[in-house]
Amino acid sequence: GFVGRQPEDLRSRIEERIVEHQRLVEIFHKQDQDIVPGLVVDEDYELIAELGAGATAVVWEARQLSLDRRVAIKFLRLPLALLSDRAQERFHREGRILAGIRHPGLVSVHSLGTHGMVPYLVEELVEASQSLHEVILSLHEERQVGAVAEERHERHDRRVAAWILDIARALAVVHAKGILHRDVKPANILVGGDDRARIIDFGLAYMDDPHELTLSGEMLGTVLYMSPEQAGGGISDAVDVRSDLFSLGVSLYEALTFESPFREDSHARILEKIRTFDPPDPRTIRSRVPEELAAIVGQMIEKRPERRYQ
């Protein structure tokens, strides 16, 4: 095979790496099985139930025994916890960012720790929460079967406007501290049982300091919600706070119309559409979208950053 054809010294190093990889896989498997309901982390956090999982992390509801309160614990997913130093640093940086800022539109971080070899964050538990993505999907499915009254649509529009305002205010606070989120999207907007919205997942955030982790030319974010600057449109080389505003505008457009303005069948086509296509007025898709909200969306998703809200 490939390994056998290599020079002896290189073959020896490759074989050592394979053995080390197999050892890590065994560790991953054991620790993955270890994170279950009833587990007590650091002798203080008893896991209750898994709340959700994404590409990089899994979130559990837990009870903090020392203070008798319910919290959320966010674990970095395996194998990222061991294989990617950059993933670990981004995870830790998210904790540092959120621990240093207090705002109703942000999830509070209580502490950071490690379970075995897996980093975790202890966060505020947002009661009865769902993402804006889940809200949009649920209402869209009901629309498909004609089960949504117009009054509910109007209530949805008012709530969406309030949620987007919550997020805009939270972003203004983090932007003032030199932080860009870089992955604003409905899945990262959490709506609690108190009907307030919070922006979550600062794992891709950029801090205006010399320890930035992004490689030159690396594209970060979720493609459907990228700004033209992030998509490499040549319109502006600078990705600044107005890029987050564009992504928030795309999220608002989707929440009002139940359609993505830039959906295509490949990443390349999506990026081209972001750079060149001006989405139609939301009212051409859903006629009862309030005129004021349609105008706000239009300015938020202007191609040129200087034409967006400043």
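Remember, it's a predicted structure, so these values are computed and weren't measured experimentally.
Judged by distance alone, with hydrogens and angles left aside, the side-chain atoms of Glu302 form no donor-acceptor pair with the main-chain N or O of Gln299 at under 3.5 Å. A side-chain donor-acceptor contact under 3.5 Å links Thr257 to the backbone of Glu259. No donor-acceptor pair under 3.5 Å is formed between the side chain of Ser138 and the backbone N or O of Val135. At least one donor-acceptor pair closer than 3.5 Å links the side chain of Ser266 to the backbone N or O of Arg269. Panel note: side chain Glu134, backbone Ser131; a donor-acceptor pair is recorded below 3.5 Å. For Lys74 (side chain) and Pro119 (main-chain N/O), no donor-acceptor pair under 3.5 Å exists by modelled atom type. At least one donor-acceptor pair under 3.5 Å links the side chain of His181 to the backbone N or O of Ile200.
Remark: Asp157 CG to Glu292 CD distance equals 11.0 Å, nearest 0.5 Å. Distance check, rounded to the nearest 0.5 Å: CD of Glu254 to NZ of Lys185 gives 11.0 Å. Rounded to the nearest 0.5 angstrom, Leu245 CG and Arg242 CZ are separated by 9.5 Å.
Asp183 has its side chain within reach of Asn188: a pair of non-hydrogen atoms, C-beta onward, lies under 4.5 Å apart.
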* Before giving the answer on salt bridge (charged side-chain N to carboxylate O under 4.0 Å, His left out), spell out for Glu306 and Arg304 the whole-Å C-alpha distance, their side-chain angles and the decisive distance to 0.1 Å. => CA-CA 6 Å; Glu306 65 270 17; Arg304 302 193 68 86; 2.6 Å; yes

* Intermediate values then yes/no, side chain to side chain donor-acceptor pair (under 3.5 Å), Asp244 and His175 -> CA-CA 9 Å; Asp244 278 352; His175 289 162; 2.8 Å; yes

* Step by step, would you call Glu46 with Arg63 a salt bridge (charged side-chain N to carboxylate O under 4.0 Å, His left out)? -> CA-CA 5 Å; Glu46 182 181 7; Arg63 185 167 68 93; 3.5 Å; yes

* Check the pair Glu272 / Arg275 against salt bridge (charged side-chain N to carboxylate O under 4.0 Å, His left out), numbers first and verdict last. => CA-CA 5 Å; Glu272 178 65 19; Arg275 292 190 292 261; 3.1 Å; yes

* **Stepwise salt bridge (charged side-chain N to carboxylate O under 4.0 Å, His left out) test for Arg308 and Glu229** => CA-CA 13 Å; Arg308 300 172 205 152; Glu229 308 92 90; 2.7 Å; yes

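Sequence neighbours left out, the pairs with a member in residues 104-126 that pass salt bridge (charged side-chain N to carboxylate O under 4.0 Å, His left out) are Glu124-Arg198.
Below 30°, between 30° and 60°, or above 60°: for Phe246 and Phe262 the angle between ring planes is below 30°, a parallel geometry.
With sequence neighbours excluded, no residue satisfies side chain to side chain donor-acceptor pair (under 3.5 Å) with Arg169.
Taking the six-membered ring for Trp and the full ring otherwise, the centers of Phe258 and His156 sit less than 6.0 Å from each other.
Heavy atoms only, all atoms of each residue included: Arg283 and Val289 are closest at CG-O, 3.3 Å. Ser247 approaches Val184 most closely through the heavy-atom pair CB-O, 3.4 Å.
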